[in-house]
Amino acid sequence: VFGSGLIGRDGRQGRFDVYGLINKAVEGMVRSKFGDAAWHRIRDAAGLPDEPFVSMEQSPDKVTYDLNAAASAELGISPEAVYEAFGEYWTTYTAEAGYGELMRSAGKTLPEFLRNLDLLHTRVKMSFPHLVPPSFTVTDETADSLVLHYYSSRQGLAPLVVGLLRGLGDRFGVAVTVSQERVDHPTPHEVYHLSWKPKSQMPGS
Amino acid sequence: MSEAAAPNSSGSRRRPELAVLQELFPFYFSMLPSGAIVEVGDRWAGLAPEVAAGAGFFVVFELDRPSGLTDVAKFASRPHDIFLFRLKSRPEYWIRGQFIPGGKVSDSSALLFAGGPWLTRLKDLQTLGLELRDFPPHDTRGDMLVVLQTHESNAADLRSLALRLREELKLQKSLQGQLRQIQKMELVGRFAGGMAHNFNNILMAIHGYAALALMRLTPGDPLREWIQRG
């Protein structure tokens, strides 16, 4: 889930860098869902060389933005939808990238996991020194719903969190319903109203 | 007076003290100089239930370092050493920590063990039935596992880059070989072309002089046949 947070700041005003792990995951998502040829076209359209991404190597956030724009054009979906698909993919990718145990340790249920998101990001920050992680808090919790508050210094990643929540729903075997709103006061942040049902209770299951 | 704040008449820890100890060192245990374990942290139950009050240190553990210590009473003389020992039931994992003298309220000669399992891979947690949450926030072992995992991911990246580099070098070498072959063939072709051109020039001269000779010879001259054969 730390996908939305693997973005570092390099000290220059307003400039962020993205850890290669994120771009690797974008590549993984495109290759697994749309094939290698689609990835080559997207990479070429984004003006990137045919070189592998390195997890700990930082690159300007423009690389990720360009990839998002190229993927949107190639796949014929909106940039927001690309972020959402990426967020959904991220939860499975982290396990493949060796962080499955970290995810497992964050909780056995969706609400438990979401309550531990901040701690998860703190642990990840120890490994990614330039990481500027987002902050998550949970409020208004009931047996099958909660409100998740997402504070980030980055703009435009709100759809990614929607995808992450759906991916987490799959991980914990629940169907998630999410609605999102932007709150500007007192601190600007995104608010996600989340409810879930066990997938076994869904029609057709 | 509440139970929690009750004086320690039985020699056991008072509840607040125990709670703090459990919170800080969930894998603690205290033992007597005889090696008899008298008190254990609550996480041992999940990791190794044989580590319980009444068990003997050398019955459940095998000391690795410091080496040569066979008497628990002598552990007290090494308060600044890192102790590494293995669970006999799970010898593939180390327990790491230190022994602090005065580890039990009623017995100042007792030793308190502060430490816990020493892991180097995140996936070992699951093998041992542990979770990151089993390590308290002050304990950096959980974060160290994440750092090590990141380094492992980096090493995997480097392995993948090295593999790709090797493949590209191999391809480059093969292309260079092909290029050299093409250049060689081109050279042979050019040489053959030059040879053919020179040979053609000579032939042209022979044909020319033969034609001139034929024009000079009379129709019945026997030399005509020889020239025409050529």
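To find a chain, count down the sequence lines: A is the first, B the second, and so on, and within it residues start at 1.
Heavy atoms from other residues, nucleotides or ligands lying under 6.0 Å from NZ of B:K74 number 12 at most. Counted within 6.0 Å of CD on B:E23, heavy atoms from surrounding residues, nucleotides or ligands total 12 or fewer; the atom is thus considered open.
Note that CD of A:E101 is 5.0 Å distant from CD of B:Q126, once rounded to the nearest 0.5 Å. In this structure, A:M56 CE and B:L158 CG are separated by 11.5 Å, a value rounded to the nearest 0.5 Å. The distance from the OG1 atom of B:T150 to the CZ atom of A:F128 is 4.5 Å, given to the nearest 0.5 Å. A distance of 12.5 Å separates CG in B:D143 from NZ in A:K125, rounded to the nearest 0.5 Å.
In terms of heavy atoms, B:S153 sits closest to A:A97 at OG-O, 3.2 Å.
Taking chain B as the reference chain and counting heavy-atom pairs below 4.5 Å, the highest number among A:A106, A:G98, A:S105, A:G100 is found for A:S105.
Along residues 42-52 of chain A, the residues that come nearer than 4.5 angstrom to chain B, judged on non-hydrogen atoms, are A:D50, A:E51, A:P52 in order of number. Contacts between residues 127-140 of chain B and chain A, defined by a heavy-atom separation under 4.5 Å, are made by B:L130, B:E131, B:L132, B:R133, B:F135.
For chain A, the nearby part of B:R164 is the side chain; its heavy atoms alone come within less than 4.5 Å. For B:E152, no part lies under 4.5 angstrom from a heavy atom of chain A.
A:S127 places no side-chain N or O within donor-acceptor distance of the main-chain N or O of B:Q149, the cut-off being under 3.5 Å. The main-chain N or O of A:S55 is found under 3.5 Å from a side-chain atom of B:D157 such that the two form a donor-acceptor pair.
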